[in-house]
Novice: 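Below you will find the structure I want to go over with you.
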Amino acid sequence: MKRIKIANALNALAPVEDILIKGWVRTKRDAKGFSFLELNDGSGLKNIQAIVDHTPETLALLESIGTGASVAVEGSLSASPGQGQKWEVKARSLTLIGAADQVTYPLQKKRHSDEFLRTIAHLRSRTNKYGAMFRIRSELALAIHDFFQERGFFHIHSPILTGADCEGAGEMFRVTTQDRAKPGTAMDDFFGKDAFLTVSGQLSAEMLALGLGDVYTFGPTFRAENSNTPRHVAEFWMVEPEMAFADLTDDMDLGEALIKSVTSRILDRRADDVELFAKFVDTTLMVGLETIIKEPFARIPYREAIRILQEASRSFEFPTEFGCDLQTEHERYLAEEHFKKPVIVFDYPKEVKAFYMRLNDDNETVAAMDVLVPRIGEIIGGSQREERLEVLERRIQELSLSQEAYWWYLDTRRFGTVPHAGFGLGFERVLMMLTGVTNIRDVIPFPRAPKSLDF
RNA sequence: UCCCCGGUAGCUCAAUCGGCAGAGCGGUUGGCUGUUAACCAAUAGGUUCGGUGUUCGAGUCACCGCCGGGGAGCCA
């Protein structure tokens with residue numbers, strides 16, 4: 001008989017005479033003459049309850065079946081006389097697939113701390129919370145692809161290995177095939193030059209956008225920064241759309257639409273999983289998500305943000321003068337206290353932003369924009385790109401960067417340049433936003449961070 | 001990397017002034033029961049993160065290190 005997934009079995013409209021389910025035992029309760037087995041196969045949050053009548057054979061089997069064991073149950077899907085579930089499986093046969101020793105199996109039938117579960121990341125997807133998390137994670141990835149496909153964006157694969165530290169986004173991991181114990185130069189290495197893991201797919205995305213029109217990348221990104229915070233990991237996933245013939249307003253419109261779209265999609269498709277987080281992780285989650293969907297995001301120029309901060313009734317540790325980058329405390333004040341909803345800050349001083357961002361007519365600011373979300377902070381960072389060859393060359397010079405290294409980048413401004421814009425969206429930070437989980441290490445199955453490379 | 005807090009049973013935590021190392025949950029055993037993180041009873045379970053030191057005596061005090069959490073920086 002073909003196995004049916006538990007999520008589908010629980011959705012049945014009528015009783016089913018013959019059904020086969022397989023899953024892991026979440027809990028076993030013994031009654032007089034029979035036992036209850038609650039099974040979960042990961043297909044959904046809800047367990048299915050199986051009723052196993054005691055016979056000499058099943059009693060022997062049930063001895064070695066406890067929390068964590070994997071089993072197969074064949075029987076009939078029947079209306080449950082008990083409270084709490086519509087359907088249950090009346091077992092005709094029970095098979096033990098893999099036992100779990102009750103003394104050493106680390107997952108108990110009770111709540112565990114996130115810190116402990118992180119030490120058993122290989123097993124935590126068997127808990128309600130992490131099962132829900134990784135189902136939401138999967139749905140979010142699909143939601144992002146659908147959002148862009150519906151708008152005619154092409155999904156491109158930007159390289160993960162990159163040749164030089166010219167991506168301008170922080171410390172990089174070096175990739176080498178050389179033996180640490182033997183001396184050798186970069187010339188002798190695999191690529192004949194230094195190689196690194198990418199910190200951004202943006203430059204590639206720009207090149208492709210200036211040929212395909214609208215594109216996006218969605219891939220792993222690596223930062224070798226020694227960041228020890230609940231918001232940073234060394235390996236994370238980033239979504240980077242890039243649009244030709246677009247300006248900063250188009251960019252902000254796209255970012256806002258994307259966040260709104262994926263939020264409603266998750267609430268629609270993974271409602272029960274999100275509900276778990278709303279119930280046990282952050283009781284204000286639903287209100288916040290409704291606000292994100294319904295309310296237009298606030299949009300203010302950087303100068304206005306500075307003015308708001310200066311007029312704030314509270315004081316800040318860091319200065320709030322024109323030219324200062326916005327600190328975490330400033331971003332949180334704007335999103336959480338002042339606007340109480342997502343806010344897009346744009347037109348930043350050129351000094352605090354990257355060389356490729358388009359210089360505004362005031363010669364002081366660039367067409368950059370950050371989307372700040374309550375509780376999370378920066379979730380999107382983007383800009384209109386500098387499309388004017390002379391201005392771009394001057395900016396590269398001002399920042400003492402190498403013209404030669406960017407020859408191909410500059411070529412696109414040399415031949416048929418067009419205004420274009422894009423941004424980077426932190427995939428894990430969206431998951432934190434959607435679930436209320438406050439540590440980024442708990443939204444990715446196997447987090448990589450300084451001094452942490454297990455599993 | 002900097003600042004603050006923590007590390008005690010499988011898990012979550014307690015232990016007064018430096019004086020016999022405990023509880024709840026989980027496990028095991030037995031009982032009860034169409035049960036819902038079932039219930040009742042009994043029971044086992046310890047290198048108090050590691051090292052060095054102070055002391056008659058250290059879970060407790062000092063120093064060094066490791067690990068975890070929170071805040072900051074860097075950033076998505």
Novice: Using the P atom as the point on both nucleotides, what is the distance between B/C39 and B/U1, in whole Å?
Specialist: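 Between the two P atoms, the distance is 47 Å.
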Novice: Both A/Glu428 and A/Thr438 contact RNA chain B. Which one's nearest nucleotide lies toward the 5' end?
Specialist: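 First, find each residue's nearest nucleotide; the 5'-ward one identifies A/Thr438.
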Novice: Over all strands shown, is A/Pro81 touching base, sugar-phosphate only, or nothing at heavy-atom distances under 4.0 angstrom?
Specialist: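 Counting heavy atoms under 4.0 Å across all strands, the contact made by A/Pro81 includes a base.
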Novice: Taking B/C75 as the reference, what is the distance to B/G7 when you measure between their P atoms (whole Å, please)?
Specialist: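 One P to the other, the span is 35 Å.
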Novice: Just to be sure I understand the rule, does A/Glu88 reach a base, reach only the sugar-phosphate, or reach nothing, if contact means heavy atoms closer than 4.0 Å?
Specialist: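 The answer is base, as A/Glu88 lies within the cut-off (heavy atoms under 4.0 Å) of a base atom.
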Novice: Students often get this wrong, so: under 4.0 angstrom with heavy atoms, is A/Phe34 touching a base, only sugar-phosphate, or nothing?
Specialist: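 The answer is base, as A/Phe34 lies within the cut-off (heavy atoms under 4.0 Å) of a base atom.
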Novice: Which part of the nucleic acid does A/Arg26 contact within heavy-atom distance under 4.0 Å: base, sugar-phosphate only, or nothing?
Specialist: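 Here A/Arg26 touches no strand at all.
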Novice: For B/G46 and B/C56, measure between their P atoms and round to the nearest Å.
Specialist: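 Result for the P pair: 31 Å, nearest Å.
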Novice: Take the protein atom CG of A/Asp30 and the nucleotide atom P of B/A38, then report the distance between them rounded to whole Å.
Specialist: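 It works out to 11 Å between those atoms.
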Novice: Does A/Leu425 reach a base, just sugar-phosphate, or nothing at all? Heavy atoms under 4.0 Å.
Specialist: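 If one applies the 4.0 Å heavy-atom cut-off, A/Leu425 turns out to touch nothing in the nucleic acid.
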Novice: Decide, yes or no, whether a salt bridge links A/Arg332 with A/Glu329 under the criterion of side-chain N to carboxylate O below 4.0 Å.
Specialist: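 A salt bridge is absent here (no side-chain N lies under 4.0 Å from a carboxylate O).
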Novice: Of the nucleotides B/C25, B/U12, B/C75, which has the atom closest to the A/His232 side chain?
Specialist: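 Closest nucleotide to the A/His232 side chain: B/C75.
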Novice: When the P atoms of B/C64 and B/C3 are compared, how many Å lie between them, rounded to an integer?
Specialist: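 My reading of the P atoms in B/C3 and B/C64 gives 12 Å.
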Novice: Answer with base, sugar-phosphate or nothing: what part of the nucleic acid does A/Lys90 contact at a heavy-atom distance below 4.0 Å?
Specialist: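 Counting heavy atoms under 4.0 Å across all strands, the contact made by A/Lys90 includes a base.
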Novice: Which is true for A/Asn47 with a 4.0 Å heavy-atom rule: it touches a base, it touches only sugar-phosphate, or it touches nothing?
Specialist: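 Since no nucleic acid heavy atom lies under 4.0 Å of A/Asn47, the category is nothing.
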Novice: Taking the P atom in each of B/U52 and B/G18, what is the distance between them to the nearest angstrom?
Specialist: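 The answer is 23 Å between these two P atoms.
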Novice: Taking CD from A/Glu225 and P from B/A72, how many angstroms apart are they, rounded to a whole number?
Specialist: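 The distance from CD of A/Glu225 to P of B/A72 comes to 16 Å, rounded to the nearest Å.
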Novice: Quick one: which of B/C25, B/G73, B/A38 gets closest to the side chain of A/Arg29?
Specialist: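 In terms of side-chain proximity for A/Arg29, the closest of B/C25, B/G73, B/A38 is B/A38.
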Novice: Base, sugar-phosphate or nothing for A/Phe236? Non-hydrogen atoms, less than 4.0 Å.
Specialist: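 Touches a base.
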Novice: The side chain of A/Ile51 is closest to which nucleotide in this list: B/G68, B/G70, B/G34?
Specialist: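 Minimum distance to the A/Ile51 side chain belongs to B/G34.
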Novice: Choosing from B/G70, B/U12, B/U35, which nucleotide comes nearest the side chain of A/Pro230?
Specialist: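 Selected nucleotide: B/G70.
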Novice: From B/G34, B/A38, B/U12, pick the nucleotide closest to the side chain of A/Thr27?
Specialist: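 Of B/G34, B/A38, B/U12, B/A38 is nearest to the side chain of A/Thr27.
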Novice: Expressed in whole Å, how much space separates the P atoms belonging to B/U16 and B/C61?
Specialist: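 Result for the P pair: 10 Å, nearest Å.
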Novice: Say you pick atom C1' in B/A41 and the same atom in B/U55; how far apart are they, in whole Å?
Specialist: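 Here B/A41 and B/U55 have their C1' atoms 45 Å from each other.
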Novice: Please give, in whole Å, the distance from B/C74 C1' to A/Phe173 CZ?
Specialist: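 Rounded to the whole Å, the gap is 14 Å.
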Novice: Got a donor-acceptor pair under 3.5 Å from the side chain of A/Ser227 to the base of B/C74?
Specialist: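 Per atom types, the contact qualifies.
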Novice: Using a 4.0 Å heavy-atom cut-off across all strands, classify A/Ser80 as base, sugar-phosphate, or nothing.
Specialist: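 Answer is base: heavy atoms of A/Ser80 come under 4.0 Å of a base.
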Novice: Any donor-acceptor pair under 3.5 Å between the side chain of A/Gln49 and the base of B/U35?
Specialist: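 Check passes, donor-acceptor contact within cut-off.
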Novice: How about A/Gln327 and A/Glu331: does a side-chain donor come under 3.5 Å of a side-chain acceptor?
Specialist: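 There is no such pair between these side chains.
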Novice: If I take atom CZ in residue A/Arg111 and atom C1' in nucleotide B/A37, what distance separates them, rounded to the nearest angstrom?
Specialist: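 The answer, rounded to whole Å, is 13 Å.
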Novice: What's the closest nucleotide to the side chain of A/Thr328 if the choices are B/C75, B/G27, B/C25?
Specialist: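 Comparing B/C75, B/G27, B/C25 against the side chain of A/Thr328, the answer is B/C75.
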Novice: Among the nucleotides B/G27, B/C11, B/C74, which one has an atom lying closest to any side-chain atom of A/Lys109?
Specialist: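 That would be B/G27.
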Novice: With a 3.5 angstrom cut-off on both distances, give the Watson-Crick or G-U wobble partner of B/C39, or none if there isn't one.
Specialist: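 Result: B/G31.
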Novice: Do A/Arg151 and A/Phe147 meet the cation-pi criteria used here (NZ or CZ under 6.0 Å from the six-membered ring centre, within 45° of the axis)?
Specialist: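 The answer is yes; both the distance and angle limits are met.
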Novice: Answer with yes or no after comparing the ring centroid distance for A/His155 and A/Phe148 against a 6.0 Å cut-off, counting only values under it.
Specialist: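 Ring centroids of A/His155 and A/Phe148 are no less than 6.0 Å from each other.
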Novice: What is the distance, rounded to the nearest whole Å, between atom CD of A/Gln85 and atom P of B/A38?
Specialist: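 Going from CD in A/Gln85 over to P in B/A38 covers 12 Å.
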Novice: Searching all strands shown, indicate the nucleotide that pairs with B/G50 (Watson-Crick or G-U wobble; both distances under 3.5 Å).
Specialist: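 Across any shown strand, B/G50 pairs with B/C64.
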Novice: Let me know, please, whether A/Glu38 or A/Asn226 comes out on the 5' side of the other along RNA chain B by nearest nucleotide.
Specialist: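 Looking at the nearest nucleotide for each, A/Asn226 comes out on the 5' side.
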Novice: Could you tell me the separation between the CD1 atom of A/Ile120 and the P atom of B/G68, rounded to a whole number of Å?
Specialist: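 For the pair A/Ile120 CD1 and B/G68 P, the rounded distance is 16 Å.
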Novice: Can you tell me, in whole Å, how much space there is between the P of B/C2 and that of B/C49?
Specialist: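 Here B/C2 and B/C49 have their P atoms 24 Å from each other.
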Novice: In whole Å, I'd like the distance from the CZ atom of A/Phe318 to the P atom of B/G71.
Specialist: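 For the pair A/Phe318 CZ and B/G71 P, the rounded distance is 14 Å.
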Novice: Between A/Tyr356 and A/Gln202, does any side-chain donor sit less than 3.5 Å from a side-chain acceptor?
Specialist: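 Side-chain D/A pair, A/Tyr356 to A/Gln202: present.
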Novice: Look at A/Arg375 together with A/Asp282 and state whether they make a salt bridge at an N to O cut-off of under 4.0 Å.
Specialist: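 Salt bridge between A/Arg375 and A/Asp282, a charged N being under 4.0 Å from a carboxylate O: yes.
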Novice: For A/Thr229, report the nucleic acid contact type (base, sugar-phosphate, nothing); a contact means any heavy atom under 4.0 Å.
Specialist: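 Touches a base.
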Novice: Under 3.5 Å for both donor-acceptor distances, Watson-Crick or wobble: does B/C56 have a partner, and if so which one?
Specialist: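 Checking every strand shown, B/C56 finds its partner in B/G19, with both distances under 3.5 Å.
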Novice: Describe the nucleic acid contact of A/Glu329 in one word from base, sugar-phosphate, nothing, applying a heavy-atom distance below 4.0 Å.
Specialist: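 It contacts nothing in the nucleic acid.
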Novice: Are A/Met238 and A/Phe423 packed together at the side-chain level, in the sense that at least one heavy-atom pair is separated by less than 4.5 angstrom?
Specialist: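 Sidechains of A/Phe423 and A/Met238: no contact.
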Novice: Is there a donor N/O on one and an acceptor N/O on the other, under 3.5 Å, for the side chain of A/Gln108 and the base of B/G10?
Specialist: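 Donor-acceptor pair under 3.5 Å: yes.
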Novice: Rounded to the nearest angstrom, tell me the gap between atom CG in A/Asn228 and atom P in B/G73.
Specialist: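 These atoms are roughly 14 Å apart.
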Novice: Using side-chain contact (heavy atoms from CB on, under 4.5 Å) as the criterion, point out the one residue from A/Ile380, A/Leu434, A/Val430 that pairs with A/Ile259.
Specialist: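 Considering A/Ile380, A/Leu434, A/Val430, a side-chain contact (heavy atoms from CB on, under 4.5 Å) with A/Ile259 is found only for A/Ile380.
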Novice: Counting the benzene-type ring for Trp, do A/Phe218 and A/His157 have ring centres under 6.0 Å apart?
Specialist: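 Aromatic pair excluded; centres sit 6.0 Å or further apart.
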Novice: Over all strands shown, is A/Gly82 touching base, sugar-phosphate only, or nothing at heavy-atom distances under 4.0 angstrom?
Specialist: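 The residue A/Gly82 makes base contact.
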